[in-house]
S.K.: 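One structure follows; several queries about it will come next.
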Amino acid sequence: MGEVVAVVGGGYAGTLVAKELDGDAQVVLVDPRDTFVNVAGSLRALARPDWAHHVFFPYRALLARGRVLRDLAASVDAGGVTLAGGGRLDADYLVLATGSSYSYPARPRQAATSAAQALAELRATHDQLARAERVLILGAGPVGLELAGEIREAWPHKGIVVVDPAAEILPGFLPEVRRELRRQLDALGIELRLGTALDGLPPFEDGTAGTFTVSTTGGEKITADIWFRSFGARVNTGYLADGKLVALTDRATVPVDEHLAVRGHRHVYAVGDIADLPDAKMATHAQTQALVVVENVRAQLRGEPPRSGYQPARTRRILLPLGTRGGVGQMPDQDGLPVAAPLDTVIRRKGTDLFTARFAERFGHQVE
Ligand SMILES: Cc1cc2nc3c(=O)[nH]c(=O)nc-3n(C[C@H](O)[C@H](O)[C@H](O)COP(=O)(O)OP(=O)(O)OC[C@H]3O[C@@H](n4cnc5c(N)ncnc54)[C@H](O)[C@@H]3O)c2cc1C
């Protein structure tokens, strides 16, 4: 129990690693927030303020023995973490799991490190959105489309237009999944403008009500009363840019070996969105990787070499709800081949509660 495992980042992967190793070592979880954020629920949290508290799970309920250090890693080297608050955390093992940033409201703004602040911001944006009759969403990826679906369910009559320079939605997914998604979007009156971009961003801040007209590169004019940015994910690896641990890849991700150890290190691991792996940046893969690292650290704590290897996912998967009653999905079948998920699977596995029950279990909460 004497060895210290520092887990940097308390998202999907980091909280799983920390909880699993809590009985094996002295775990210290470092995160600037006071709660885990189940970001998969962020868009419903915007559309339904009465439900919004469901996405925040206090870290204090996660660990029985370990502790949570509310701070930001400013730098990491093989021996530990230098904290933005000025302190130093020495560790025998390090697991880096700092994930990615995405434009608000898909994730809380970086400055809103408490759930209370993040909820207040969501409520304020909800009020702005409630005043807007026409909504423009920039980005028709899964996040932009889920946002459109949540807005539609909360406000059946608002105009919703989604613009994206890509020619098709969900490129690389099965044609029947993409066709079904287009059908449902049409039925919900969510308008898609694909293969086009705006000449310039709207004159108001995103998420702030104010009527504007913008032109697309295709020459169309779009008038709306609020807009949201649903593009621009970035991995959170700035604290590694000093090169004290490893040279980042040209995508700013962390190079790892087959055991998910950071290249050149035996006791430092990287998981989730920041790991340089071919997987899509998804919580589901982050958590599978987390369990591989748990096995490897456990083996090392017993004095054995790490044996658990990670195989990146072979099949693209997605669950993309449009509110609580619609959406599409793609999953691997028992042979690993991609198949379209039936609507009731999408609703049951994600749309109904956006994984709230699953995280309530991890954090020992009762779901109301
Ligand atoms: C709207 C939305 C819906 C999604 N739906 C799905 C879905 O249905 N299924 C799916 O598989 N994936 C989904 N994803 C993707 C998923 O959220 C990410 O892949 C996942 O969050 C990555 O997990 P992670 O553990 O790598 O990091 P994250 O969950 O991003 O957690 C990183 C943590 O690190 C902390 N941190 C950052 N920098 C530092 C630092 N310097 N020091 C200390 N702590 C730091 C952050 O505060 C955060 O708590 C969705 C994403 C969005 C935005």
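Read the numbers this way: they start at 1 and go in the same order the structure lists the ligands and their atoms.
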S.K.: Considering only heavy atoms, which of Leu29, Ile274, Thr98, Leu240 lies nearest to atom 37 (C) of ligand 1?
M.R.: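 Shortest heavy-atom distance from atom 37 (C) of ligand 1: Thr98.
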
S.K.: Could you list the atoms of ligand 1 found under 4.0 angstrom from a heavy atom of Tyr239?
M.R.: 41 (N)

S.K.: Using the side chain to side chain donor-acceptor pair (under 3.5 Å) rule, collect all pairs that involve residues 122-131, keeping only residues at least two apart or in two chains.
M.R.: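 Non-adjacent pairs meeting side chain to side chain donor-acceptor pair (under 3.5 Å): Tyr104-Thr125.
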
S.K.: Is it true that Arg65 and Asp22 make a salt bridge, defined as a side-chain N closer than 4.0 Å to a carboxylate O?
M.R.: no

S.K.: List ligand 1 atoms under 4.0 Å from Gly11, heavy atoms only on the residue side.
M.R.: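 Reading through ligand 1 atom by atom, the close ones are 25 (O), 28 (P), 29 (O), 31 (O), 33 (C), 49 (O).
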
S.K.: Regarding Glu361 and Arg358, does a basic nitrogen lie under 4.0 Å from an acidic carboxylate oxygen?
M.R.: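 Result for this pair is no, no salt bridge flagged.
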
S.K.: Would Glu146 and Lys350 satisfy salt bridge (Lys or Arg N to Asp or Glu O under 4.0 Å), going step by step from the backbone distance to the final call?
M.R.: CA-CA 12 Å; Glu146 277 194 42; Lys350 182 170 176 190; 2.9 Å; yes

S.K.: What atoms of ligand 1 come closer than 4.0 angstrom to any heavy atom of Pro32?
M.R.: 43 (C), 44 (N), 45 (C), 47 (O)

S.K.: Check the angle between the aromatic planes of Phe359 and Phe355 and answer parallel, tilted or perpendicular using the 30° and 60° thresholds.
M.R.: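 Because their plane-to-plane angle is over 60°, the rings of Phe359 and Phe355 count as perpendicular.
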
S.K.: When you check the gap from the basic side-chain N to the acidic O, do Glu20 and Arg298 get nearer than 4.0 Å?
M.R.: yes

S.K.: Taking the six-membered ring for Trp, are Phe36 and Tyr12 ring centroids under 6.0 Å apart?
M.R.: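 Centroid separation for Phe36 and Tyr12: below 6.0 Å.
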
S.K.: How far is atom 30 (O) of ligand 1 from the closest protein heavy atom, and which atom is that?
M.R.: Arg107 NH1, 3.0 Å

S.K.: In this structure, does ligand 1 have an atom that sits under 4.0 Å from one of the heavy atoms of Ser42?
M.R.: no

S.K.: Any idea which protein heavy atom is nearest atom 49 (O) of ligand 1, and the distance to it?
M.R.: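 Here the nearest protein heavy atom works out to Asp31 OD2, 2.6 Å.
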
S.K.: Tell me whether Arg109 is salt-bridged to Glu121, with the criterion being a basic N under 4.0 Å from an acidic carboxylate O.
M.R.: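 Yes, charged N to carboxylate O under 4.0 Å.
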
S.K.: Can you check whether Met282 has an N/O within less than 3.5 Å of an N/O in ligand 1?
M.R.: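 Looking only at distances, the answer is yes, because the N/O contact criterion of under 3.5 Å is met.
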
S.K.: Would you mind listing which atoms of ligand 1 come within a distance below 4.0 Å of any non-hydrogen atom of Ser100?
M.R.: 30 (O)

S.K.: Should the proximity of Leu43 to ligand 1, defined as any heavy atom under 4.0 Å, be assigned to the side chain, the backbone, both, or neither?
M.R.: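 It is the side chain that gets close, since no backbone atom is under 4.0 Å.
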
S.K.: Does any N or O of ligand 1 fall below 3.5 Å from an N or O anywhere on Glu146, backbone included?
M.R.: no

S.K.: Which is closest to atom 28 (P) of ligand 1 in terms of heavy atoms, Gly99, Ala45, Ala40?
M.R.: Gly99

S.K.: My understanding is that only one of Thr237, Asp242, Leu245, Thr98 makes a side chain to side chain contact (heavy atoms under 4.5 Å, CB included) with Val76; could you say which?
M.R.: Leu245

S.K.: Give the residue and atom name of whichever protein heavy atom lies nearest to atom 25 (O) of ligand 1, and the separation in Å to one decimal.
M.R.: Ala13 N, 2.8 Å

S.K.: Where is the nearest protein heavy atom to atom 41 (N) of ligand 1: which residue, which atom, and how far?
M.R.: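 Nearest protein contact, heavy atoms only, for atom 41 (N) of ligand 1 is Ala73 O, 3.2 Å.
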
S.K.: Should you measure from each heavy atom of Arg33, which atoms of ligand 1 turn up under 4.0 Å away?
M.R.: 47 (O)

S.K.: Report, in ascending order of atom number, the atoms of ligand 1 lying under 4.0 Å from any heavy atom of Phe355.
M.R.: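 So the atoms of ligand 1 that pass are 7 (C), 8 (O).
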
S.K.: Do Glu168 and Arg182 sit within salt-bridge range, that is, some charged N less than 4.0 Å from a carboxylate O?
M.R.: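 A salt bridge links Glu168 with Arg182.
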
S.K.: Report yes if Tyr12 has an N/O atom closer than 3.5 Å to an N/O atom of ligand 1; otherwise report no.
M.R.: yes

S.K.: Kindly give the heavy-atom pair with the smallest separation between Leu188 and Arg152, and that separation in Å.
M.R.: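 Taking Leu188 first and Arg152 second, the nearest heavy atoms are O-NE, 2.6 Å.
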
S.K.: Which residue from Leu96, Thr15, Asn236, Val143 reaches closest to atom 52 (C) of ligand 1 through any of its heavy atoms?
M.R.: Val143

S.K.: If you measure from the Lys or Arg side-chain nitrogens to the Asp or Glu carboxylate oxygens, is any gap between Glu191 and Arg193 under 4.0 Å?
M.R.: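 Looking at Glu191 and Arg193, the cut-off is met.
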
S.K.: In terms of atom number and element, which parts of ligand 1 are under 4.0 angstrom from non-hydrogen atoms of Val30?
M.R.: 43 (C), 44 (N)

S.K.: Closer than 4.0 angstrom, basic N to acidic O: yes or no for Glu133 and Lys158?
M.R.: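 Not counted as a salt bridge, because no side-chain N and carboxylate O are separated by less than 4.0 Å.
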
S.K.: So, is Gly272 polar-close to ligand 1, with some N/O to N/O distance under 3.5 Å?
M.R.: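 Not met; the criterion fails.
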
S.K.: Ignoring hydrogens, just give me the one of Arg44, Gln110, Glu150, Lys281 whose non-hydrogen atom is nearest atom 15 (C) of ligand 1.
M.R.: Lys281

S.K.: Starting from atom 12 (N) of ligand 1, find the nearest protein heavy-atom neighbour and note its residue, name and distance.
M.R.: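 Here the closest protein heavy atom is Ala283 N, 3.0 Å.
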
S.K.: Would you sort out whether Asp31 and Arg70 count as a salt bridge (Lys or Arg N to Asp or Glu O under 4.0 Å), showing the intermediate values?
M.R.: CA-CA 5 Å; Asp31 199 292; Arg70 193 169 170 194; over 6 Å; no

S.K.: Distance to 0.1 Å, residue and atom name: give those for the protein heavy atom nearest to atom 34 (O) of ligand 1.
M.R.: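 Nearest protein contact, heavy atoms only, for atom 34 (O) of ligand 1 is Gly9 CA, 3.3 Å.
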
S.K.: Would you call Arg88 and Asp90 a salt bridge, using N to O less than 4.0 angstrom?
M.R.: yes

S.K.: Among all protein heavy atoms in this structure, tell me which lies nearest to atom 17 (O) of ligand 1, with the distance rounded to 0.1 Å.
M.R.: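 Of the protein heavy atoms, Val39 CG2, 3.1 Å lies nearest.
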
S.K.: Can you see which heavy atom on Leu147 is nearest to which on Leu46, and at what distance?
M.R.: CD1-CD2, 3.9 Å

S.K.: Does Lys350, backbone or side chain, put an N or O under 3.5 Å from an N or O of ligand 1?
M.R.: yes

S.K.: Which protein heavy atom lies closest to atom 26 (O) of ligand 1, and at what distance to 0.1 Å?
M.R.: Asp273 N, 2.9 Å

S.K.: Please identify which atoms of ligand 1 are closer than 4.0 Å to at least one heavy atom of Leu72.
M.R.: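 Under 4.0 Å from Leu72, ligand 1 has these atoms: 39 (C), 40 (C), 41 (N), 42 (N).
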
